[in-house]
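Here the structure comes first, spelled out in structure tokens, and everything after it is commentary.
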Amino acid sequence: MTDMPPNEPVGDRFRDFQARLDQPDGRRQHRRGRGHDGEQLTVPAADFTSYYGRPVLKPPVWKPDIAAYLFTGGLAAGGSLIGAGAQLTGRPGLRQVGRWTALGGVAASAYLLVHDLGRPARFHHMLRVAKLTSPMSVGTWILTAFGPLAGVAVIAEIAPRLPQHGVLGLARRLAPPVGDVAALAAAATAPALATYTGVLLADTAVPSWHDAYPSLPFVFAGSALAAASGVGLIAAPAAETAPLRRLVLAATAIEVIGGRRLERMGLTSEPYEHGRGGRLVRAGRVLLGVGAVGALFSRRNRILSAISGAALVASSVATRFGVFEAGLASARDPKYTVVPQRERRDRREGRSPAEKGT
């Protein structure tokens, strides 16, 4: 390697590097040893820089398109579930809003994913195989199955506007029952669509995502239901929104419980509490509370319903972008990779805290 000091023995360079990794708190520790010419060696304070300027972990190359994709996919899933529930309980206005929300969300998701990939052909190439052990492969197939079903469900909403006679008249009669079946099928895949992105992030090596694997699917599920409920509060007839208020409470509980678990992961929870990611996560939590309280008291007040709905949608956006930014921050800072690795090593070796660094 051309950037290595030419006159420093490899053994000394390795000992110096290893000693720096053994200092998780950055404190200065003097480790005495003999160099190749007999001089005393003093290990400098660790600053968590990586080997000769190379990063410990390569940050994800995902653009903000993926953060938006996390939101729109959840919105589509939540809209589908709300539309199916409204279909089964005889709420046509809410059903229509749910179905349109599902189609709009999945269409936006497809665009954002293809835009991040760079070429539409790459999305097609991902469909060549179905790999159950790959969250990306599974998610691609879920999105591919969900989209057409959501589209057929929306066609059923347009069908009553078609002529009553001829071929279009036949389509007018067949579309509603076919759309109902498609809507229920889409709702069956919606939970997977809402949560697979959490599994996808946790399947990476990014510390704050990887360590959050028990919590992220729940956070994303609650966020998806909150966002879709918010759209329903804004757009659906007020007389049909009573179930949404109960759904908002359930979504809030799911998201808050999952969010609290994110804060108890130890060191890798820091990016969810500090920096840009922390600010967005806190904003999402505040907006979620505002939206939940507003939904409880809105009842048939259209203005309050719209305000609470907008807060719920904004909460979901802030949460998704906050999780995204927190992961990027943990990938950039070597301590979130090095310190947990050392702690796991110490646990395997049965070393006590007093023995660390010796």
Side-chain angles (χ1 to χ4, degrees), residues 67-68 70-109 150 153-154 156-158 160-161 183 187 190 194 219-259 279-323:
L70 301 178
F71 164 71
T72 56
L75 180 65
S80 179
L81 290 171
I82 289 173
Q87 172 187 325
L88 296 175
T89 56
R91 292 178 169 85
L94 182 58
R95 180 198 68 209
Q96 186 175 25
V97 170
R99 290 181 177 182
W100 278 105
T101 300
L103 180 60
V106 75
S109 295
V154 166
E157 297 295 337
I158 302 174
R161 301 178 184 179
V219 172
F220 282 9
S223 178
L225 292 175
S229 298
V231 174
L233 289 171
I234 295 171
E240 300 182 8
T241 58
L244 295 181
R245 289 190 283 275
R246 295 189 290 270
L247 186 59
V248 167
L249 293 180
T252 301
I254 294 171
E255 186 173 346
V256 168
I257 292 173
R279 290 192 296 272
L280 286 168
V281 169
R282 287 194 300 273
R285 193 171 299 158
V286 171
L287 288 167
L288 180 64
V290 171
V293 172
L296 274 179
F297 293 99
S298 62
R299 297 197 178 271
R300 299 197 177 189
N301 187 317
R302 294 296 302 166
I303 296 177
L304 187 56
S305 291
I307 293 173
S308 61
L312 291 169
V313 174
S315 166
S316 183
V317 173
T319 297
R320 304 302 177 113
F321 275 81
V323 169

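All of these numbers come straight from a predicted model, not from anything done at the bench.
With sequence neighbours excluded, the residues that form a salt bridge (charged side-chain N to carboxylate O under 4.0 Å, His left out) with R285 are E263. For A221, the side-chain contact (heavy atoms from CB on, under 4.5 Å) test picks out T195, with sequence neighbours left out.
Side chain of S305 to backbone of R302: no donor-acceptor contact under 3.5 angstrom is found. A donor-acceptor pair is defined here as one N or O able to donate and one able to accept, closer than 3.5 Å; no such pair exists between the side chain of T319 and the backbone of G284. Under the 3.5 Å distance criterion, the side-chain polar atoms of S223 are left unmatched by any main-chain donor or acceptor of V219. Remark: the backbone N or O of A77 is not paired with any side-chain donor or acceptor of S80 at under 3.5 angstrom. In this structure a side-chain-to-backbone donor-acceptor pair under 3.5 Å is present from T252 to V248. Under the 3.5 Å distance criterion, the side-chain polar atoms of R91 are left unmatched by any main-chain donor or acceptor of G83.
Taking a 6.0 Å sphere around CZ of R299, one finds it holds 12 or fewer heavy atoms contributed by other residues, nucleotides or ligands.
Applying the salt bridge (charged side-chain N to carboxylate O under 4.0 Å, His left out) rule to pairs touching residues 228-254 yields nothing, sequence neighbours excluded.
Contact annotation: the side chain of L75 approaches that of V231 to within less than 4.5 Å [non-hydrogen atoms, C-beta and beyond]. Here the side chains of I82 and L247 are in contact, with some heavy-atom distance below 4.5 Å.
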